[in-house]
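Basis for what follows: all heavy atoms, side chains included, without hydrogens, waters or symmetry-related copies.
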Amino acid sequence: MQHATDLTKKSKPNLSSVPPATPNKVRKQERLKQNLIGWAFVAPTVLFVIAFIYYGIFYNAFHSLFSWDGISFEKTYIGFENFGRMFQDPEFYNALKNTGIFTALTVTVQAGLGLVLAYLLHTKGVGRTFFKSVFFFPVVLSPVVLGAAFSQIFDFQFGYINEFLRMVGLGAFEQNWLGDQDVALYSIILINIFQWTGSSMIMYYMAMLAIEREVFEAANIDGAGFWRTLWSVVFPNLKGTTFTLTILGVIGGLKTFDIVWISTQGGPGNSTEVISTYLFRKSMLHQEVGYASAVAIILLAIALSITYFQMRVQKKMD
């Protein structure tokens with residue numbers, strides 16, 4: 001009995017010998033708890049991105065290896081033939097060229113006009129709030145509405161522009177704005193600039209509010225005029241905003257579809273065909289979904305490459 005009692009005593013744990021939790025362990029537990037709470041908040045967004053973005057990317061990458069019409073259950077595996085066909089298609093290079101011209105001109109002109117308008121509205125004057133609303137109003141309009149409206153404005157026979165030119169005696173300058181292969185793309189670029197310049201203006205205007213008033217006063221004392229102050233004082237202080245507008249403009253240029261499709265549907269003679277309309281035509285009208293998936297993957301690669309290059313440039317500038 002004595003031996004059994006000794007064993008019982010030995011088997012009981014000595015609670016006084018259990019070491020207390022160390023501060024590092026407590027901190028780790030609290031950090032883990034905070035991380036779990038943070039992940040709980042961002043989990044819906046992460047799931048949304050995975051379901052509607054990354055799944056779409058892998059879905060397109062998978063189907064780019066097949067010949068498929070998007071309707072039937074039968075798919076024919078052809079490997080990378082869709083990519084080979086795409087790189088041999090003159091229409092693809094034409095769409096790529098038009099997209100490049102569209103993006104370069106819209107990004108440059110929108111940013112330039114937006115900067116000038118923002119600086120004009122930043123200076124003291126009457127009616128600044130009114131003009132800010134007027135310049136920003138096209139941004140809230142639907143591209144479909146703008147495309148339909150400008151189709152009437154640019155109409156060769158009854159459009160307002162040609163009617164105005166005839167009225168003031170400049171009928172020699174009238175153009176078939178959306179029907180001439182040499183002019184149509186630039187007419188669509190004008191529509192896009194009209195819509196999105198107000199967005200650039202507002203972003204530049206808000207950034208200018210962060211510049212100290214003394215900077216403008218010093219430039220005025222030194223005798224700097226409007227353009228000198230804009231170029232040497234304002235623009236260098238807004239590099240971050242310019243960089244942001246460039247990225248947004250490039251991505252928007254690569255994705256543009258509605259204005260082009262409503263205005264010209266890529267015509268005349270594919271002169272306004274851009275990557276997005278080319279992709280839509282191949283997938284929805286020609287039912288070449290496998291080929292269109294390959295085009296979408298190349299478009300994604302181009303967008304990622306341009307964004308990476310821009311971020312490297314920004315990093316060196318900083």
Side-chain angles (χ1 to χ4, degrees), residues 100-150 152-154 160-161 164-165 177 183 185-256 258-260 263 310 313-314 317:
I101 295 173
F102 181 92
T103 303
L105 289 179
T106 53
V107 169
T108 305
V109 177
Q110 284 168 196
L113 288 177
L115 179 62
V116 173
L117 291 174
Y119 185 52
L120 283 171
L121 295 175
H122 183 266
T123 57
K124 294 181 179 180
V126 181
R128 286 186 298 171
T129 303
F130 171 75
F131 283 109
K132 277 188 288 186
S133 302
V134 169
F135 291 131
F136 188 75
F137 178 69
V139 177
V140 301
L141 294 177
S142 168
V144 176
V145 172
L146 279 175
F150 273 92
Q152 299 297 319
I153 294 172
F154 285 143
Y160 294 121
I161 294 181
F164 174 77
L165 292 174
W177 301 99
V183 180
L185 179 62
Y186 301 99
S187 300
I188 293 177
I189 289 173
L190 284 176
I191 302 174
N192 195 84
I193 291 172
F194 173 80
Q195 181 176 21
W196 295 109
T197 296
S199 177
S200 301
M201 177 201 69
I202 290 297
M203 292 186 66
Y204 274 127
Y205 180 83
M206 298 305 296
M208 284 181 194
L209 296 178
I211 302 176
E212 298 290 338
R213 177 61 60 179
E214 290 77 8
V215 175
F216 295 101
E217 293 175 355
N220 189 29
I221 293 172
D222 291 338
F226 177 87
W227 295 108
R228 184 65 176 175
T229 303
L230 181 64
W231 180 254
S232 301
V233 177
V234 177
F235 183 69
N237 284 280
L238 302 179
K239 289 182 179 179
T241 305
T242 302
F243 174 70
T244 302
L245 286 172
T246 302
I247 290 181
L248 293 176
V250 169
I251 295 174
L254 292 175
K255 296 192 305 179
T256 189
D258 30 29
I259 287 180
V260 178
S263 301
Q310 290 175 327
V313 171
Q314 177 67 16
M317 290 172 61

Closest approach of Gly249 to Thr103 (non-hydrogen atoms, all atoms of both residues): O-CG2, 4.1 Å
Partner residues of Phe137 under the side-chain contact (heavy atoms from CB on, under 4.5 Å) criterion, sequence neighbours left out: Val140, Leu141
Separation between CZ of Phe102 and CG of Leu185, rounded to the nearest 0.5 Å: 8.0 Å
Nearest-0.5 Å distance that lies between atom CG in Asn220 and atom CD in Glu214: 13.0 Å
Reported OG1-to-CD distance for the pair Thr244 and Gln310, which is rounded to 0.5 angstrom: 10.0 Å
Taking every non-hydrogen atom, the tightest pair across Ile191 and Ser263: CD1-OG, 3.9 Å
Any residue meeting side chain to side chain donor-acceptor pair (under 3.5 Å) with Thr242, in chain and number order, not counting sequence neighbours: Tyr204
4.5 Å side-chain heavy-atom contact, Ile211 and Leu238: yes
Atom of Val107, atom of Val250 and distance for their closest heavy-atom approach: CG2-N, 3.7 Å
Leu105 backbone acceptor or donor facing Thr108 side chain under 3.5 Å: no
Set of residues satisfying side chain to side chain donor-acceptor pair (under 3.5 Å) with respect to Tyr119, sequence neighbours excluded: none
Check: Ile101 and Ile189 side chains under 4.5 Å, non-hydrogen atoms: yes
All side chain to side chain donor-acceptor pair (under 3.5 Å) counterparts of Trp177, not counting sequence neighbours: Asn162
Minimum side-chain heavy-atom gap Trp227-Val116 below 4.5 Å: yes
Taking every non-hydrogen atom, the tightest pair across Ala219 and Val233: CB-CG2, 4.0 Å
Contact summary for Pro236 and Lys239, nearest pair of heavy atoms: O-CG, 3.5 Å
From Ser187 atom OG to Ile259 atom CD1, the distance as rounded to the nearest 0.5 Å: 12.5 Å
Heavy-atom pair of closest approach, residues Val134 and Pro138: O-CD, 3.5 Å
Residue Phe131 excluded, over 12 heavy atoms near CZ under 6.0 Å: no
Full working for side chain to side chain contact (heavy atoms under 4.5 Å, CB included) between Leu120 and Phe226: CA-CA 9 Å; Leu120 283 171; Phe226 177 87; 3.6 Å; yes
side-chain hydrogen bond (donor to acceptor under 3.5 Å, both in side chains) contacts touching residues 190-202 (sequence neighbours left out): Gln110-Asn192
Rounded distance [0.5 Å steps], CZ in Phe135 versus CG in Leu113: 9.5 Å
Separation of Met208 CE from Met201 CE (nearest 0.5 Å): 10.5 Å
ring-ring contact (aromatic ring centres under 6.0 Å, His included) partners for Phe216, two or more places apart: His122
4.5 Å side-chain heavy-atom contact, Tyr205 and Leu117: no
Residue Glu212 excluded, over 12 heavy atoms near CD under 6.0 Å: no
